[in-house]
Amino acid sequence: MILHLHLVRHGQTFFNRYNKLQGWSNSPLTESGLADAVKAGERLKGMTFAAAYCSDTTRAQMTAERILDINEQSGNSRPALICDMHFREQFYGYFEGVDMSQAWYAAGGPHGVKTYNEIVGRYGLAATRDWLKDADPFHDAESDTEYWQRVVGGFALIASNADLQDGDDVLQISHGNTLLSLGHRFGGSDLDLNERPANGSITDIDFDTDKPFEQALTIVSYGK
């Protein structure tokens, strides 16, 4: 079964505005963030969603509800919104709420690199997670393995929905680093992966529920 997933990055939050890490932390949408959600909703208002998913964070739920409001007002049936922790952003542990540059310096400094992009460029995306966990004095931050186990669980939750049929459109409110991670893992060389997709942007992914996860996702458009 092929499902057409429409992944919207949540609207801008105050932590986004202040350049702070906000994995599992709740930070409300700014006025600009609410506008991001409305803009995405207007772009998607002609689509009928068979299901809708988001993380159990305020920013994702607020974005989802605003999009579904617009979609319903345009004459589409409204699916129940399923909120689940498997769709959360990466967990940054001790570094939740910390300025991004400080956090990534703490992670990369012992390895001779000072920024997120330097870590990714020289050592790969997995190193950003594993090194941040190492730098976390409580080691609560998710490792690369822990992160992907949880993300895969989210896709398994969608695949297990017995009400979905081949060709259905599914709304999923996602997060910046999650979208970037999916781009690195499933995107081609033509994707610009230097930055996370913008708040309110839409990434379209075809999800083949019959294939193992490594082969299941095809990125149709990224961060548009």
Side-chain angles (χ1 to χ4, degrees), residues 1-13 16 26 28-29 32-89 150-183 185-187 191 196-211 213 215-224:
M1 178 174 66
I2 304 294
L3 299 174
H4 305 301
L5 307 183
H6 306 276
L7 283 71
V8 179
R9 185 183 176 192
H10 62 80
Q12 183 199 61
T13 68
N16 288 149
N26 271 319
L29 299 186
S32 179
L34 292 171
D36 291 331
V38 170
K39 183 178 179 180
E42 290 294 330
R43 291 178 59 190
L44 294 168
K45 67 181 181 181
M47 190 164 290
T48 301
F49 294 115
Y53 296 86
C54 72
S55 69
D56 54 353
T57 56
T58 301
R59 61 191 185 274
Q61 293 173 6
M62 291 177 68
T63 301
E65 295 291 359
R66 188 61 60 96
I67 291 172
L68 291 174
D69 285 345
I70 294 171
N71 194 258
E72 185 177 30
Q73 290 163 10
S74 297
N76 299 292
S77 57
R78 185 184 188 118
L81 178 61
I82 300 172
C83 305
D84 190 271
M85 65 85 61
H86 286 89
F87 300 105
R88 290 180 190 174
E89 178 62 290
R150 182 173 55 76
V151 169
V152 170
F155 284 95
L157 183 65
I158 296 174
S160 69
N161 187 337
D163 294 329
L164 292 177
Q165 300 178 10
D166 186 57
D168 276 346
D169 291 294
V170 175
L171 176 67
Q172 183 181 335
I173 309 304
S174 193
H175 298 267
N177 197 58
T178 295
L179 291 166
L180 183 66
S181 298
L182 291 171
R185 189 160 183 171
F186 295 100
L191 291 187
R196 295 165 179 78
N199 295 106
S201 64
I202 302 171
T203 294
D204 296 321
I205 294 179
D206 284 347
F207 175 28
D208 189 336
T209 62
D210 297 318
K211 290 184 177 180
F213 183 71
Q215 305 168 23
L217 304 185
T218 301
I219 296 179
V220 178
S221 67
Y222 179 75
K224 302 298 185 181

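- Arg150 places a side-chain N or O within donor-acceptor distance of the main-chain N or O of Arg88, the cut-off being under 3.5 Å.
- Taking the centre of each ring, Phe186 and Phe213 come in below the 6.0 Å mark.
- The closest donor-acceptor contact from the side chain of Asp169 to the backbone of His6 lies at 3.5 Å or more, if one exists at all.
- Taking NE2 from His86 and CG from Asp84, the interatomic distance works out to 6.0 Å, rounded to the nearest 0.5 Å.
- Contact record, Thr203 with Gly223: OG1-N, 2.8 Å, taken as the closest heavy-atom pair.
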I'd like to know whether Lys45 forms a salt bridge (charged side-chain N to carboxylate O under 4.0 Å, His left out) with Glu42, so could you lay out the CA-CA distance, the side-chain angles of the two residues, the decisive distance to 0.1 Å, and finally the verdict. CA-CA 5 Å; Lys45 67 181 181 181; Glu42 290 294 330; 3.0 Å; yes
Please assess Asn199 against His10 for the test side chain to side chain contact (heavy atoms under 4.5 Å, CB included), listing each intermediate value before the final yes or no. CA-CA 6 Å; Asn199 295 106; His10 62 80; 3.7 Å; yes
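- Side chain of Thr209 to backbone of Met1: a donor-acceptor contact under 3.5 angstrom is found.
- Tyr222 pairs with exactly one of Leu180, Leu7, Asp204 by the side chain to side chain contact (heavy atoms under 4.5 Å, CB included) rule, that one being Leu180.
- Nearest heavy atoms, Ala37 versus Ile67: O-CG1, 3.6 Å.
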Test side chain to side chain contact (heavy atoms under 4.5 Å, CB included) on Leu179 and Arg196 and set out the steps. CA-CA 7 Å; Leu179 291 166; Arg196 295 165 179 78; over 6 Å; no
Using side chain to side chain contact (heavy atoms under 4.5 Å, CB included), reason through Asn76 and Met47 one step at a time and then give a plain yes or no. CA-CA 7 Å; Asn76 299 292; Met47 190 164 290; over 6 Å; no
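- Closest approach of Val8 and Ala40 over heavy atoms only: CG1-CB, 3.8 Å.
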Step by step, work out the side chain to side chain contact (heavy atoms under 4.5 Å, CB included) result for Asp208 and Thr218. CA-CA 8 Å; Asp208 189 336; Thr218 301; over 6 Å; no
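- The shortest distance between side-chain heavy atoms of Ser221 and Ile202 does not fall below 4.5 Å.
- Leu182 CG to Asn177 CG: the interatomic distance, rounded to the nearest 0.5 Å, is 10.0 Å.
- Using the six-membered ring where Trp is involved, Phe207 and Phe155 have ring planes that are perpendicular, over 60° apart on the 30 and 60° scheme.
- Between Ser55 and His175, the shortest heavy-atom distance links the atoms OG-NE2, 2.9 Å.
- Nearest heavy atom pair, residue Ala64 against residue Ile173, reads CB-CG1, 3.4 Å.
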Run the salt bridge (charged side-chain N to carboxylate O under 4.0 Å, His left out) test on Glu89 and Arg9 for me, step by step, so that the C-alpha distance in whole Å, both residues' side-chain angles and the decisive distance to 0.1 Å come before the verdict. CA-CA 11 Å; Glu89 178 62 290; Arg9 185 183 176 192; over 6 Å; no
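- Rounded to the nearest 0.5 Å, atoms OG (Ser77) and CZ (Phe49) are 10.5 Å apart.
- Asp206 and His4 share a donor-acceptor pair across their side chains, judged by distance under 3.5 Å alone.
- When side chains are defined from C-beta on, Ile158 counts as touching Leu164, because their heavy atoms get closer than 4.5 Å.
- One finds the CG atom of Asp36 at 11.5 Å from the CE atom of Met62 (value rounded to the nearest 0.5 Å).
- Without hydrogens or angle criteria, Asn71 side chain to Leu68 main chain gives no donor-acceptor distance under 3.5 Å.
- Of all heavy-atom pairs between Ile70 and Gly41, the closest is CG2-O, 3.6 Å.
- Separation of atoms CG (Leu5) and CG (Asp168) is listed at 10.5 Å; rounding is to 0.5 Å.
- Leu217 contributes atom CG, which lies 5.5 Å from atom CD1 of Ile205 (distance to the nearest 0.5 angstrom).
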